[in-house]
S.K.: 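My structure is below; once you've seen it, I'll send some questions.
Indexing begins at 1, ligand by ligand and atom by atom, following the structure's order.
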Amino acid sequence: MSLIRIPKVLSSEITPRDTYLRRRELLALAAAGGLAASGIAPVAAAPIPAKKTEFGADETPTPKDDVIAYNNFYEFGTGKGDPAANSGAFKPTPWSITVDGLAAKPKTFDIADLMARMLMEERIYRMRCVEAWSMVIPWVGFPLAALLREVEPLGSAKYVAFETVVRPEEMPGQKGFFQALAWPYVEGLRLDEAMHPLTILATGLYGETLPNQNGAPIRLVVPWKYGFKGIKSIVRISLTETQPPTSWNIANAGEYGFYANVNPTVDHPRWSQATENRVGGGGFFGANRRDTLMFNGYADEVASLYAGMDLKANY
Ligand code: MTE
């Protein structure tokens, strides 16, 4: 049963225009250097007005301290603490995203304009990393479909390709002798996955603008897929006819496929994917082990996208 729940909006949750304007002032302040590089990434530059939805209302969010301290963002280093420690000099404003490729109206969007114009929603999503840790994160963002509709995808468009910024001067993991991946980090979705209402572009978490380590100023969130699909700090989104390359598949095709749907019955070649550790809430890592759910618990919403597909072959 269960279709996507239609979010209820209370009139008290609709944000007045002056709150948006106030937020734009704060963003401008942040851009002007109000958040000085301190060696520690600036956290939560400004509140984002967002309507609360019913997504994940029954979940207990992972403490914010864990969400912003335990990250994967190889542009800032491969350790889980590296993104928080090394992203202080990264400048997420001003920022623009180009949406192009097989579209009738390709366009470059300014992030401040998008954030002011799009209807922002807070959605609490279960997230699951391929390395078997999981979190529940209150994201703030808007459906990717809303942005794609604005450029009018052509009938020939079958996939969506995503690209992260390349800025070695601000991203220490992109320079030097050892580089963990080929840059830019790239990801992709099938067009129907990209248009699915669960797929969002997040610009914040815990009601505030995204910290640099979580993918400021805008990143992808696809809650039924492993975390590596959630490409951060996006500068380009392109509609394509053929399946786009993806960073982890380029790095190791035997271990990371294009689909990356959370699937407890398909193991990673080097470890089981049947259980996961829920990060946070005190206790030692491992105390929160639980069974992983098919499609990360979103099977009712997304299983039909893969009807008839062999999910062992299409991992
Ligand atoms: N995006 C970029 N550009 N670079 C990365 O290294 N890591 C991915 C994904 N997006 C990554 C990225 C991986 S492996 C995971 S698990 C998630 O980001 C982690 O997101 P979080 O740190 O916000 O929890």
S.K.: How far is atom 1 (N) of ligand 1 from its nearest protein heavy atom, and which residue and atom name does that atom have?
M.R.: K232 N, 3.2 Å
S.K.: Any atom of ligand 1 sitting under 4.0 Å from a heavy atom of R219?
M.R.: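 In this structure, R219 qualifies as a contact of ligand 1 - some heavy atom is under 4.0 Å.
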S.K.: So among W248, F178, Y185, which one has a ring pair (Phe, Tyr, Trp, His ring centres under 6.0 Å) with Y74?
M.R.: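 With Y74 as partner, ring pair (Phe, Tyr, Trp, His ring centres under 6.0 Å) holds for just one option, W248.
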S.K.: Decide whether an N or O pair under 3.5 Å exists between F228 and ligand 1.
M.R.: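 No; every N/O pair is 3.5 Å or more apart.
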S.K.: Between V67, I124, L205, which is the residue that forms a side chain to side chain contact (heavy atoms under 4.5 Å, CB included) with P138?
M.R.: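 Between P138 and the candidates, side chain to side chain contact (heavy atoms under 4.5 Å, CB included) is satisfied uniquely by I124.
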S.K.: Provide the closest heavy-atom pair for R126 versus G297 in the form atom of the first, atom of the second, distance.
M.R.: NH2-O, 3.2 Å
S.K.: With heavy-atom distances below 4.0 Å as the criterion, list the atoms of ligand 1 near F73.
M.R.: 2 (C), 3 (N), 4 (N), 5 (C), 6 (O)
S.K.: Using a 4.0 Å cut-off to any heavy atom of T164, which atoms of ligand 1 qualify?
M.R.: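 Under 4.0 Å from T164, ligand 1 has these atoms: 3 (N).
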S.K.: Between ligand 1 and W248, is the shortest N or O to N or O distance under 3.5 Å?
M.R.: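 For ligand 1, there is no N or O atom that lies under 3.5 Å from one belonging to W248.
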S.K.: Which of the listed options, T62, V221, N71, T78, holds the heavy atom that is closest to atom 24 (O) of ligand 1?
M.R.: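 It is N71 whose heavy atom sits nearest to atom 24 (O) of ligand 1.
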S.K.: At a non-hydrogen distance cut-off of under 4.0 Å, which region of E75 contacts ligand 1 (side chain, backbone, both, or neither)?
M.R.: side chain
S.K.: Can you tell me how the ring of Y298 sits relative to the ring of Y125, calling it parallel under 30°, perpendicular over 60° and tilted otherwise?
M.R.: perpendicular
S.K.: Against heavy atoms of C129, which atoms of ligand 1 measure under 4.0 Å?
M.R.: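 Close to C129: 16 (S).
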S.K.: Distance under 6.0 Å and angle within 45° of the ring axis: does K229 meet both against Y259?
M.R.: no
S.K.: Quickly, which of I111, L220, V165 forms a side chain to side chain contact (heavy atoms under 4.5 Å, CB included) with I234? Name it, please.
M.R.: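 With I234 as partner, side chain to side chain contact (heavy atoms under 4.5 Å, CB included) holds for just one option, L220.
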S.K.: How are the rings of Y226 and F228 set relative to one another: parallel (under 30°), tilted (30 to 60°) or perpendicular (over 60°)?
M.R.: parallel
S.K.: Donor-acceptor pair, distance only, cut-off 3.5 Å: does the side chain of S233 make one with the backbone of A216?
M.R.: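 Present.
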S.K.: What protein heavy atom is closest to atom 12 (C) of ligand 1, reported as residue, atom name and distance in Å?
M.R.: Y185 CZ, 3.7 Å
S.K.: What protein heavy atom lies closest to atom 10 (N) of ligand 1? Include the residue and the distance to one decimal.
M.R.: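 Checked against all protein heavy atoms, atom 10 (N) of ligand 1 sits closest to G230 O, 2.8 Å.
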S.K.: Work out whether the distance between some heavy atom of S233 and some atom of ligand 1 is less than 4.0 Å.
M.R.: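 No, S233 has no heavy atoms under 4.0 Å from ligand 1.
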S.K.: Can you report which non-hydrogen protein atom sits closest to atom 14 (S) of ligand 1, along with the distance?
M.R.: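 So the nearest neighbour among protein heavy atoms is N72 ND2, 3.4 Å.
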S.K.: Between E75 and Q174, is there a donor-acceptor pair closer than 3.5 Å when you use the side chain of the first and the backbone of the second?
M.R.: no
S.K.: Would you say T98 and R236 are linked by a side-chain donor-acceptor pair, where the criterion is simply a distance under 3.5 Å?
M.R.: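 Side-chain D/A pair, R236 to T98: absent.
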S.K.: For atom 15 (C) of ligand 1, what's the nearest protein heavy atom and its distance?
M.R.: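 For atom 15 (C) of ligand 1, the nearest protein heavy atom is G227 O, 3.4 Å.
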S.K.: Should Y74 be counted as touching ligand 1, given the test is an N or O pair under 3.5 Å?
M.R.: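 Checking ligand 1 against Y74, an N or O pair does fall under 3.5 Å apart.
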